[in-house]
Amino acid sequence: MNNINRTIKVSTPSNIAFVKYWGKKPVQYPLNPSVSMTLKNCVCEMDISYQSVENGSFINNFLFNDQKNEKFLKRLEKYLNSLKEICPYLENLSFSIKTNMTFPHSAGIASSAAAFGALGYALANIEREIDLISLEEVNQRASFLARLGSGSAARSIEGPYCIWGDHHQIKSHDDYALKFTNIHSSFKDVKDVILIIDQNEKSISSSEGHQLMNDHIFKETRIHQANQNFIDIISSMRSGDWEQFGGILENEALTLHAMMMTSQPSYMLLKPNSLQVIQKIQQFREENALPIYYTIDAGPNIHIIYPKNYENDAENFIKTELSEYCENGRYIIDHCGTGACLTD
Ligand code: DP6
């Protein structure tokens with residue numbers, strides 16, 4: 001590579017899992033397949049300048065939301081080092097990286113999915129620029145590279161929905177996520193309102209969390225359940241069966257927390273207000289016969305999922321009855337998006 005000196009700008013969203021990835025096999029393969037919705041507004045904007053050098057010094061400059069961030073820089077360096085074998089060209093490049101998250105850290109939205117999604121997408125585009133891959137191969141390669149940084153990041157490249165992880169009945173892969181196609185029209189525009197129950201969200205680190213599954217007493221049962229939920233949620237999203245979809249969505253959220261509560265050591269990440277909100281949502285749904293369901297990540301905040309057609313009823317309910325359970329009344333309104341893109 002001779003005298004390269006370029007900048008690439010990407011924007012990559014976070015995603016919220018409907019069927020959860022929880023537990024992994026080496027190297028960053030999921031124990032079970034997962035399904036997710038790609039977000040629209042909660043994105044990582046990343047500018048990467050790269051120059052050819054004799055021996056790659058990797059990251060010369062790194063800014064995260066306009067500030068130095070040693071912890072994240074270390075994780076990025078470790079990631080790039082781990083890629084040296086599959087991306088030998090890295091030996092001859094050095095990088096300056098500027099990263100900006102459009103959503104707050106404490107929001108219960110995975111920033112690592114957006115950040116590693118952005119890096120994977122940027123690297124795949126660099127590979128295209130230096131003629132290692134074709135344009136058609138970019139997304140698959142980006143998802144593959146993103147996965148090696150953070151498993152769920154594999155699902156941030158395409159949208160509005162992705163599937164990731166081998167399943168014997170569906171064409172999906174452990175290596176990278178795929179865009180999930182042939183969805184029912186009622187799933188074309190879906191909203192996700194994230195209620196900030198606790199800003200000092202104390203979620204366990206993902207590596208700790210996934211490790212809990214290694215010796216979990218319910219490990220095999222969980223894998224079996226996730227495989228079944230995977231196939232059933234796909235079928236409900238194809239047929240437009242919101243009742244079946246919502247049942248699986250909430251079952252997955254509660255199972256994730258049940259796995260954490262019953263692991264050794266155990267974790268209780270839900271707060272009293274998380275439970276209050278869950279009950280309110282169930283009650284509101286029953287009384288009004290509306291397709292409004294929840295999911296939860298590895299933290300106390302609650303994601304409310306519903307078709308855009310119902311946004312008036314749902315957002316009125318959230319404002320008048322749920323915002324009081326949020327810290328400082330805060331919640332974030334987002335909806336499904338189309339995934340990563342170049343911004344320059
Ligand atoms: C609960 O992708 O953050 O959000 O692969 O170790 O980076 P690593 O884990 P990560 O795990 C996400 C777990 C989850 C469920 C999900 O997004 O599927």
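Both counts, for ligands and for their atoms, begin at 1 and track the order of listing.
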Novice: Near R75, which atoms of ligand 1 are under 4.0 Å from a heavy atom of that residue?
Specialist: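 Under 4.0 Å from R75, ligand 1 has these atoms: 7 (O).
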Novice: Do any N/O atoms on G149 end up under 3.5 angstrom from N/O atoms on ligand 1?
Specialist: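 Such a contact does not occur with ligand 1.
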Novice: Any Lys/Arg nitrogen of K20 or E252 sitting under 4.0 Å from an Asp/Glu carboxylate oxygen of the other?
Specialist: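 No salt bridge links K20 with E252.
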Novice: Could you tell me whether some N/O pair between K20 and ligand 1 is separated by less than 3.5 angstrom?
Specialist: no
Novice: So which of S206, A226, G151 gets nearest to atom 3 (O) of ligand 1, if we judge by its closest heavy atom?
Specialist: S206
Novice: Would you indicate whether the side-chain heavy atoms of E129 and Y50 approach each other to under 4.5 Å?
Specialist: yes
Novice: Taking all heavy atoms of C87 and all of R141, pick out the closest pair and write down the distance.
Specialist: SG-NH2, 3.8 Å
Novice: Please list the nearest protein heavy atom to atom 17 (O) of ligand 1 with its residue and the distance rounded to 0.1 Å.
Specialist: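 Ranked first by proximity to atom 17 (O) of ligand 1 is R155 NH2, 2.8 Å.
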Novice: Need the ligand 1 atom indices (1-based, order shown) with element for anything under 4.0 Å from a heavy-atom of Q28.
Specialist: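 Under 4.0 Å from Q28, ligand 1 has these atoms: 5 (O).
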Novice: So, R6 versus Q51: side-chain donor-acceptor pair below 3.5 Å or not?
Specialist: no
Novice: Between the side chains of K74 and E77, is the shortest nitrogen-to-carboxylate-oxygen separation below 4.0 Å, so that they form an ion pair?
Specialist: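 No salt bridge links E77 with K74.
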Novice: Provide the number and element of each atom of ligand 1 under 4.0 Å from a heavy atom of A17.
Specialist: 16 (C), 17 (O), 18 (O)
Novice: I'd like to check K191 versus I304 (side-chain heavy atoms, cut-off strictly below 4.5 Å). Are they in contact?
Specialist: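 No, side chains not in contact.
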Novice: Answer yes if the ring centres of W22 and H210 are under 6.0 angstrom apart, and no otherwise.
Specialist: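 Here the rings of H210 and W22 have centres that are less than 6.0 Å from each other.
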Novice: For atom 15 (C) of ligand 1, what's the nearest protein heavy-atom neighbour? Residue, atom name and distance, please.
Specialist: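 For atom 15 (C) of ligand 1, the nearest protein heavy atom is Y21 O, 3.4 Å.
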Novice: Any nitrogen or oxygen of K24, main chain or side chain, under 3.5 Å from a nitrogen or oxygen of ligand 1?
Specialist: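 There is such a contact, yes.
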Novice: Does an N or O anywhere in S34 fall below 3.5 Å from an N or O of ligand 1?
Specialist: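 Among all N and O atoms of S34, none is under 3.5 Å from an N or O of ligand 1.
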Novice: Is M260 touching ligand 1 with its side chain, its backbone, both, or neither, if touching means heavy atoms under 4.0 Å apart?
Specialist: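 For M260, there is no contact with ligand 1 at all, from either part.
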Novice: Let me know which of S94, S49, S96 forms a side-chain hydrogen bond (donor to acceptor under 3.5 Å, both in side chains) with N60.
Specialist: S94
Novice: For S152 and ligand 1, does the shortest N/O to N/O distance drop below 3.5 Å?
Specialist: yes
Novice: Quick one, I59 and L80 - any side-chain contact, counting heavy atoms below 4.5 Å?
Specialist: yes
Novice: Just need the protein heavy atom nearest to atom 1 (C) of ligand 1, so name the residue and atom and give the distance.
Specialist: D297 OD1, 3.4 Å
Novice: Are any of the heavy atoms in Q211 under 4.0 Å away from ligand 1?
Specialist: no
Novice: Among protein heavy atoms, which sits nearest to atom 7 (O) of ligand 1, and what does the distance come to when rounded to 0.1 Å?
Specialist: S150 OG, 2.7 Å
Novice: Checking a contact table here: which protein heavy atom is nearest atom 9 (O) of ligand 1, and how many Å away?
Specialist: H210 NE2, 2.9 Å
Novice: Looking at ligand 1, is there an atom of it that comes within less than 4.0 Å of some heavy atom belonging to R147?
Specialist: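 Heavy atoms of R147 never come under 4.0 Å of ligand 1.
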Novice: Parallel, tilted or perpendicular for F64 and F72, by the 30°/60° rule?
Specialist: tilted
Novice: With a 4.5 Å limit on heavy-atom distance, are the side chains of H303 and V193 in contact?
Specialist: no
